[in-house]
Structure formats: structure tokens, C-alpha cells
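Each remark here refers to the structure printed beneath this line.
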Number of protein chains: 2
Amino acid sequence: MIINPDSNTEQLILETAEKLFLEKGFALTSTTEIARVAGCNQALVHYYFRTKENLFNSVFEKKVRLFATGLLQVDQPGISFEQKLKHMIEAHFDMLSANPGLPFLVFNELITNPERLKKLRGNMLDLPKLVFFPLKAELEVEIAKGNIRPMTIYDLILTVVSLNVMLFIASPIFKILADLNEEAIEKLIVHRRQENVTIILQSLKNNI
Amino acid sequence: MIINPDSNTEQLILETAEKLFLEKGFALTSTTEIARVAGCNQALVHYYFRTKENLFNSVFEKKVRLFATGLLQVDQPGISFEQKLKHMIEAHFDMLSANPGLPFLVFNELITNPERLKKLRGNMLDLPKLVFFPLKAELEVEIAKGNIRPMTIYDLILTVVSLNVMLFIASPIFKILADLNEEAIEKLIVHRRQENVTIILQSLKNNI
DNA sequence: GTATAATTTAACAGATCTATTAAATACAAA
DNA sequence: TTTGTATTTAATAGATCTGTTAAATTATAC
């Protein structure tokens with residue numbers, strides 16, 4: 001007989017954990033601190049999630065999926081490949097902008113914990129195809145037509161991800177190193193959103 | 001009376017620590033493990049470096065400086081701005097290639113430990129000017145001549161760093177996710193070295 | 001109201017980690 | 001060989017962290 005089906009406490013712990021994991025990663029976040037910030041007893045964290053690893057996985061897989069699907073296309077028929085790509089870059093950028101801690105968490109945990117990475121390979125085999133396939137055919141058409149210089153879809157995606165992600169990994173560092181205020185950071189982000197599109201679209205050009 | 005001026009043990013501990021910090025970062029590396037891998041008693045780590053923080057700082061500042069100076073220009077008079085930029089991108093890429101764990105360490109520690117970042121601001125104030133200033137004037141000349149579309153030196157550097165760094169942050173992940181062998185990774189790296197140059201040079205073009 | 005189940009708490013076991021200390025050992029100079 | 005210093009070791013203090021347990025509290029059902 002479940003009394004409280006969406007237990008406030010369980011949800012609170014989950015949200016607090018998410019916040020702290022995004023800020024400091026798995027290793028530097030203790031269940032003790034999660035409980036303290038959530039304002040509950042430390043044993044409750046283990047009562048609801050048994051282990052810290054379980055709790056982490058509850059937020060991590062969701063975050064990886066969010067990260068990967070940020071590249072997904074919204075199907076908009078009738079617009080040019082360039083326009084479609086522009087929308088994809090911007091949508092990916094906006095997803096990161098709404099989740100600025102995402103790249104740090106994903107890369108940090110995948111690099112430091114190969115086990116997590118291996119586990120992911122099983123769970124996420126669908127994603128690459130989901131992300132790459134729609135764009136791949138269109139890219140190849142454009143290349144065949146001579147509109148775009150030869151490249152693979154992996155090249156294109158890696159470029160998009162590199163430019164978009166690195167901004168959000170680096171901006172907390174700029175912020176302190178260059179002593180920027182929130183407004184200046186916001187301005188930088190708005191500017192780079194446009195700049196990344198320009199860089200990528202120009203880089204596709206075929207100089208025969 | 002110092003008997004062993006460049007104590008083998010001290011150097012061994014330092015090198016072991018560097019290796020482990022690069023692999024797993026500060027939090028996941030214990031002085032116990034450093035001693036175990038170095039094959040010495042754990043108290044020795046503290047005998048030579050007193051604290052884990054000290055030991056970390058001994059490797060970290062050097063790594064940050066390496067990371068930042070990777071962008072420094074070798075002065076080659078008489079070559080075009082484009083050629084100079086190409087050399088800079090390639091030199092930066094090669095530095096990363098020789099130190100693939102560097103970006104992870106630097107970003108991870110600067111993001112998770114704001115104290116380190118603030119301390120850095122004091123120590124590294126010279127670096128931005130050292131890195132940016134030589135290129136800045138030349139970029140502005142090219143823009144004034146209409147050879148390059150308007151942009152700031154910060155835009156250009158951020159683009160270079162984004163494309164180069166992300167490859168080395170992401171490639172250990174590709175390696176496992178896409179099940180690539182060493183040879184395939186090496187091929188990817190060689191390819192992206194060229195690709196990054198192409199992307200950046202093309203992205204500079206001024207379409208009037 | 002009482003029995004029952006869910007939630008919360010305090011206390012703690014066991015592990016690990018950083019750092020220190022005091023003793024043992026190796027080494028260099030006299 | 002003796003003496004003083006540097007290096008190394010074992011042992012341990014003290015802190016913190018994960019996860020468990022048993023008891024207390026709260027909520028629900030009858």
C-alpha cells in the first residue's frame with residue numbers, strides 16, 4: 001500500500017542530487033551533503049535510492065539522453081539543407097544554454113569512469129543512428145551536387161558539438177578569469193550562438 | 001646537507017601523481033594510490049609534499065601554463081596571416097596530441113574548484129596578453145583590408161580552442177562508444193588536424 | 001481507536017582517506 | 001667508526017563517507 005506515490009521527499013532528494021552532481025560531479029558530491037542541502041536525514045537518501053551509484057544513475061542516463069537528443073532534427077520539410085542545419089545548430093545550442101552544466105557532467109563522468117561508458121554502449125546503441133541518419137543522406141546529396149565540400153556526417157556533427165559544447169564548458173572559467181558579470185556572459189553566449197552558425201555554414205563551402 | 005639533490009623518490013612520486021591526476025583528476029586520486037603505484041610508503045608522499053593539495057599544485061600550474069602557451073606563436077616573419085594562423089592551429093593541436101589528458105584535467109579542476117580558478121587569476125594575468133596580443137594586431141589589419149570578416153581575437157581563439165580541445169576530450173569516449181581501435185583513433189586525429197585548419201580558415205572568409 | 005505500513009531519525013559499523021609521529025634505516029662526513 | 005642528517009617505515013589519530021539497523025514517528029485503513 002503505497003501512501004505517497006510521488007513522495008515529495010524522494011523527488012526532493014532526486015532534484016537536489018541532480019543539482020549537486022551537475023555542479024561538482026559524482027566524486028565530490030556526498031550523500032551526506034545531498035541530505036543536508038535537501039534538508040533531510042542522510043539515511044533517507046539510502047532509504048529511497050539504496051546506493052549513491054543508483055541515485056547517480058537515476059539522473060545520469062536522463063542527462064546523457066538529453067545531451068544526445070539535443071542534436072535531433074525537428075522535421076521541417078521544404079527548407080534548404082543550410083537552413084535545416086542552422087536550426088539544428090541553434091536547437092543544440094539552446095539545449096545547452098538551458099542545461100549549461102550538462103557537458104561537464106557527461107564528459108567528466110564518462111572519462112573518469114569507463115564502467116559507466118561501457119554500460120552506456122549497451123543502452124544507447126539506437127541514438128547514433130537516430131541522430132546521424134536523417135542528416136546523413138541530405139549531406140551526401142549536397143556533396144554530390146557540389147554545394148558542399150566532401151566530408152562525413154561525423155565530421156559535421158563533431159564540429160557542431162565542439163563549437164557549442166566548449167562555450168559552455170569554458171564560460172564559467174572565462175567568467176572568473178576575465179571577471180565578467182552575468183550580463184557580459186549572456187552577451188557572449190548570444191554572440192557565439194550566431195558565430196557558431198556562421199563558422200559552420202562557411203566551413204561547408206566548396207571551393208571547387 | 002642535502003644528500004640527494006634530485007631525489008629519485010621525490011621525482012618518482014611527482015611523475016606518478018601527474019599520471020594519475022591526468023587520468024582521474026584530483027578527487028579520485030588518493031595519496032595512498034599514488035604511493036602504491038609509485039611503489040613507496042604512503043607517508044613519503046606527505047614527507048616530500050606535505051599535503052595532497054601541494055602535490056597537485058606542483059603539477060597543475062605547470063599544466064595550465066602548458067595549456068595556455070600552446071597557443072603561443074612562433075615568430076615566423078614574412079608569411080601570410082593565414083599561414084601563421086594555420087601554424088598556430090597545428091602547433092596547438094600537436095601540443096594537445098602530445099598531452100591528450102591535459103584538457104580534461106584543466107577544465108575539470110577549474111570547474112569543480114573555484115578556489116583554484118581564483119588563485120590562477122593572480123598568477124596568470126600575463127598569459128592572455130602574451131597569447132592574444134601578437135595575433136590581435138594582425139587580425140585587425142586583415143579585417144580592415146577586408147580580407148577577413150569582422151570578428152574579435154577572442155572569437156578566433158575560442159574557435160581554435162573549441163575545435164582542437166573537444167576532439168581530445170571526446171576521443172576516449174568515441175573509442176569505447178564506437179569501439180574504435182588505436183589505429184582508427186590515430187586516423188581520426190590526423191584527419192581532424194587538417195579538418196580543423198580548413199574549418200577555421202574557411203570561416204574567416206569575408207563574403208563582402 | 002487500533003492495527004499496520006510507510007517514513008524518518010539517531011546511532012553506528014566498516015572502510016578509506018589525509019596527515020602526523022616516532023622509530024628505524026641508510027647515508028655522508030669527520 | 002662515530003656522529004649527524006636524510007630518508008623510509010609502521011602505526012595511528014582524526015575526519016569523512018557509504019550503507020545498515022533498529023527504534024521512533026507519522027500516516028492510512030479498518
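Just so we're on the same page: letters track the sequence lines, and every chain starts at 1.
In this structure, Tyr47(B) does not reach the dA19(C) phosphate: none of its side-chain N or O atoms is under 4.0 Å from OP1 or OP2. One finds no side-chain N or O of Thr31(B) lying less than 4.0 angstrom from the OP1 or OP2 phosphate oxygen of dC17(C). For Thr9(B) and dT8(D), the shortest distance from a side-chain N or O to OP1 or OP2 is below 4.0 Å.
Taking atom NZ of Lys52(B) as the reference point, atom C1' of dT18(C) lies 8 Å away to the nearest angstrom. Atom CZ of Arg50(A) is separated from atom P of dG19(D) by 8 Å (rounded to the nearest Å). Across the protein-nucleic acid pair, Leu12(A) atom CG and dT7(C) atom C1' stand 14 Å apart, rounded to whole Å. Separating the CG atom of Leu44(B) from the C1' atom of dA22(C) is a distance of 15 Å, rounded to the nearest angstrom. Here dT16(D) presents its P atom at 17 Å from CD1 of Ile34(A), a figure rounded to the nearest Å.
Nearest nucleotide to the side chain of His46(A), out of dT8(C), dG19(D), dT7(D): dG19(D). Across dT21(D), dG19(D), dA10(D), the shortest atom-to-atom separation from the side chain of Ala43(A) is found for dT21(D). Between dA10(C), dG19(D), dT20(C), one nucleotide has an atom nearer to the side chain of Gln42(A) than all others, and that is dG19(D). When distances are taken from the side chain of Thr51(A) to each of dT18(C), dT7(C), dG19(D), the shortest belongs to dG19(D). Closest to the side chain of Asn41(B), from the set dG19(D), dT20(C), dT9(D), is dT9(D).
Relative orientation of the Phe26(B) and Phe21(B) rings is parallel, given thresholds of 30° and 60° on the angle between their planes.
Closest approach of Leu117(A) to Pro172(B), counting heavy atoms only: CD2-O, 4.0 Å.
Aromatic pair Phe60(A)/Phe67(A): centroids not less than 6.0 angstrom apart. Taking the six-membered ring for Trp and the full ring otherwise, the centers of Phe93(B) and Phe168(B) sit less than 6.0 Å from each other.
Contacts of Thr32(B) with the nucleic acid, taken as non-hydrogen atoms under 4.0 Å apart, include base atoms.
Between the side chains of Asp94(B) and Ser97(B), no donor-acceptor pair is found at a separation under 3.5 Å.
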